[in-house]
Amino acid sequence: MNQQSPSPVLVGQAGTGSKDAQTFAQKALARAAGCERVEVGEVVDVRPDVVLSHDNTAAIREIWQEFGQARVVIPEKMAITLDHAVPAPTTRHAQNHAEIRRFVQEQGIRHFFEVGRGICHQVLSEEALTLPGQTVLGADSHTPHFGWLGAFGAGIGRSEVAALWATGELWLRVPESIRIVLDGQLPKGVTAKDFALRIIGDWGADGGLYASVEFSGSGVEAMSIDSRMALANMMAEFGAKSSYIPPDVKTRAYLEAALERRAARGTSAGTADDYPPTVAESQLFPDEGAEYIATYRYGAGELEPTVSCPHTVDNIAPLSAVAGTEVQQAFIGTCTNGRLEDIAEAAEIMQGRQVAAGTRLLIVPASSLVLQEAMQRGYIQALVAAGAAIGTPGCGPCMGNHMGVPATGEVTISSANRNFRGRMGTTDAEIYLASPAVVAASAVAGRIADPRDIV
């Protein structure tokens with residue numbers, strides 16, 4: 001259903017970049033490998049700064065035990081979050097969580113976050129466990145999320161995480177890089193999520209396969225931190241190995257505030273002493289003249305609200321083309337769009353209105369901090385008054401574990417990142433992906449709707 005034509009594109013040619021100039025990915029992996037420089041395509045042994053896992057930790061532990069070790073070698077670098085099925089919906093899930101808690105205690109892992117704290121990518125961002133220029137490898141495909149702060153984040157498999165627990169290092173191939181430039185300011189009603197869906201629709205769900213996607217331009221610079229998180233996170237659906245947004249004053253202010261919160265708490269999450277004295281000291285930037293396999297340039301003014309239609313994320317259409325499609329369920333949450341900015345947009349749309357009869361609206365904040373702030377600002381109260389159901393911070397309905405499984409034949413419009421058949425737990429159901437504002441407007445209308453027609 002892709003009804004949008006690609007924007008102008010400048011395709012990078014091999015050898016057009018400077019021999020000495022390096023991309024962000026080259027610099028980050030050189031740092032992680034302890035090398036002066038690395039070349040694209042080179043395989044290097046990296047020592048990541050953070051290794052993350054979640055409810056899959058118990059399964060990873062079974063693999064790690066095959067190494068015959070009594071202790072993991074990097075407990076200080078491990079971060080474990082219970083987020084994918086919380087609270088535990090079955091005895092099997094509860095047993096899995098119990099095993100993880102025992103493992104955490106036995107291994108002395110400080111960076112452990114319990115049920116209700118939130119989604120791993122959001123929580124690690126809020127805790128500033130990863131800083132600009134650092135490398136985070138995680139047993140979750142959306143680990144490119146950490147590109148929002150100028151870090152190299154990549155998803156890896158469970159066996160690779162087990163190897164990291166056992167050795168502290170892992171080989172990676174240095175990826176090629178793609179540059180995406182956004183010029184100008186996004187129009188009213190157009191969000192980072194719309195931009196991400198447009199990119200994926202234009203170039204395909206494998207258009208960035210194993211590439212490091214570097215963003216730049218005035219449109220990206222103008223984005224809020226929440227919006228940058230959504231953009232970087234969605235690059236997992238572009239096939240990217242990692243993503244990158246240049247850190248700036250907004251990035252530094254967010255991370256320094258997070259480090260101060262941690263130091264003030266003095267909890268098991270660690271202290272600011274674990275990291276460089278200032279966030280600015282750790283940041284990395286690509287060199288002028290670095291070589292890219294492609295450069296895609298977008299004008300913000302040409303973008304519009306965009307929807308991903310069943311059953312692939314790159315099956316995009318302008319919102320206007322699918323408006324009026326009836327929906328039985330609307331869901332706002334996930335590691336892509338469950339942040340304060342997203343909940344605020346939904347609350348503004350729902351204020352003084354009600355969820356349409358025959359439609360249900362689910363709101364799952366990305367973290368406990370997001371939930372607390374949303375309550376303090378009255379957003380949650382407004383949403384509940386409008387008929388929304390509020391879930392425990394975590395992944396919720398995204399992967400169909402629980403909390404929002406649709407019935408056969410139902411249509412869901414979601415702020416999540418994936419819509420393949422059966423993603424939310426029901427094979428014969430349809431999932432449309434859109435921005436939180438579009439999801440909220442659709443909940444009011446009972447059909448896919450443009451929020452600009454409601455607010």
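Fair warning: this is a prediction, and the values are worked out from it, not measured in the lab.
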Between [X] and [Y], is any side-chain donor less than 3.5 angstrom from a side-chain acceptor?
{"X": "Asp226", "Y": "Ser224", "answer": "no"}
{"X": "His54", "Y": "Asp140", "answer": "yes"}
{"X": "His111", "Y": "Glu76", "answer": "no"}
{"X": "Ser227", "Y": "Glu341", "answer": "yes"}

State, to 0.1 Å, how close [X] and [Y] come at their nearest heavy-atom pair, and which atoms those are.
{"X": "His97", "Y": "Ala85", "answer": "CE1-O, 3.1 Å"}
{"X": "Asn419", "Y": "Cys309", "answer": "ND2-O, 3.0 Å"}
{"X": "Thr334", "Y": "Ala366", "answer": "O-CB, 4.2 Å"}
{"X": "Asn56", "Y": "Ala139", "answer": "ND2-O, 2.8 Å"}
{"X": "Ala151", "Y": "Thr130", "answer": "CB-CG2, 3.6 Å"}
{"X": "Ser243", "Y": "Pro144", "answer": "OG-O, 2.7 Å"}

Test item: [X] and [Y] side chains (from C-beta on) under 4.5 Å apart, heavy atoms:
{"X": "Met234", "Y": "Phe195", "value": "no"}
{"X": "Phe103", "Y": "Ile109", "value": "yes"}
{"X": "Arg31", "Y": "Phe152", "value": "no"}
{"X": "Glu345", "Y": "Ser415", "value": "no"}
{"X": "Tyr244", "Y": "Leu284", "value": "no"}
{"X": "Ser125", "Y": "Tyr254", "value": "yes"}
{"X": "Val313", "Y": "Leu197", "value": "yes"}
{"X": "Lys77", "Y": "Asp49", "value": "no"}

Spatial distance of atom [atom1] ([X]) from atom [atom2] ([Y]) [nearest 0.5 Å]:
{"X": "Leu182", "Y": "Ser218", "atom1": "CG", "atom2": "OG", "value": "6.5 Å"}
{"X": "Phe112", "Y": "Arg117", "atom1": "CZ", "atom2": "CZ", "value": "12.5 Å"}
{"X": "Leu319", "Y": "Asp450", "atom1": "CG", "atom2": "CG", "value": "4.5 Å"}
{"X": "Leu231", "Y": "Met223", "atom1": "CG", "atom2": "CE", "value": "5.0 Å"}

Is a side-chain N or O of [X] found less than 3.5 angstrom from the main chain of [Y], in a donor-acceptor match?
{"X": "Lys241", "Y": "Ala154", "result": "no"}
{"X": "Lys250", "Y": "Glu221", "result": "yes"}
{"X": "Arg262", "Y": "Glu127", "result": "yes"}
{"X": "Asp342", "Y": "Gly338", "result": "yes"}
{"X": "Thr81", "Y": "Phe113", "result": "no"}
{"X": "Glu160", "Y": "Leu170", "result": "no"}
{"X": "Thr135", "Y": "Pro48", "result": "no"}
{"X": "Arg92", "Y": "Thr90", "result": "no"}
{"X": "Arg228", "Y": "Thr251", "result": "no"}
{"X": "Lys193", "Y": "Pro436", "result": "no"}

Determine, step by step, whether Phe146 and Gln134 satisfy the side chain to side chain contact (heavy atoms under 4.5 Å, CB included) criterion, reporting the C-alpha distance in whole Å, the side-chain angles of both residues, the deciding distance to 0.1 Å, and the verdict. CA-CA 10 Å; Phe146 295 97; Gln134 293 187 334; over 6 Å; no
List the steps and the verdict of side chain to side chain contact (heavy atoms under 4.5 Å, CB included) for Ile293 and Ile178. CA-CA 6 Å; Ile293 57 173; Ile178 294 172; 3.7 Å; yes
Would [X] and [Y] pass as an ion pair if we require N to O under 4.0 Å?
{"X": "Arg198", "Y": "Asp194", "value": "no"}
{"X": "Glu126", "Y": "Arg339", "value": "no"}
{"X": "Arg452", "Y": "Glu304", "value": "no"}

Should Glu430 and Thr325 be marked as a side chain to side chain contact (heavy atoms under 4.5 Å, CB included) after you check the CA-CA gap, both sets of side-chain angles, and the distance that decides it? CA-CA 11 Å; Glu430 295 187 340; Thr325 303; 5.7 Å; no
Taking only distance into account, with no hydrogens and no angle test, what donor-acceptor pairs under 3.5 Å do side-chain atoms of residues 376-394 form with protein atoms, sequence neighbours excluded?
| from | atom 1 | to | atom 2 | distance (Å) |
| --- | --- | --- | --- | --- |
| Arg377 | NE | Glu373 | OE2 | 2.7 |
| Arg377 | NH2 | Glu373 | OE2 | 3.0 |
| Gln381 | NE2 | Met375 | O | 3.2 |

Could you tabulate the donor-acceptor pairs under 3.5 Å formed by side-chain atoms of residues 398-413, not counting sequence neighbours?
| from | atom 1 | to | atom 2 | distance (Å) |
| --- | --- | --- | --- | --- |
| Asn401 | ND2 | His84 | O | 3.1 |
| His402 | NE2 | Val86 | N | 3.4 |
| Glu410 | OE1 | Arg360 | NH2 | 2.5 |
| Glu410 | OE1 | Ala407 | N | 2.9 |
| Glu410 | OE2 | Arg360 | NH1 | 3.4 |
| Thr412 | OG1 | Gln329 | NE2 | 3.2 |

Residue pair Thr143, Leu137: steps toward the side chain to side chain contact (heavy atoms under 4.5 Å, CB included) verdict: CA-CA 7 Å; Thr143 307; Leu137 301 179; over 6 Å; no
When the ring planes of Trp203 and Tyr296 are compared, do they come out parallel, tilted or perpendicular, using 30° and 60° as the limits?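 Plane angle under 30°, so parallel.
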Tell me if the [atom1] atom of [X] is crowded by more than 12 foreign heavy atoms within 6.0 Å.
{"X": "Arg101", "atom1": "CZ", "result": "yes"}
{"X": "Gln351", "atom1": "CD", "result": "no"}
{"X": "Glu114", "atom1": "CD", "result": "yes"}

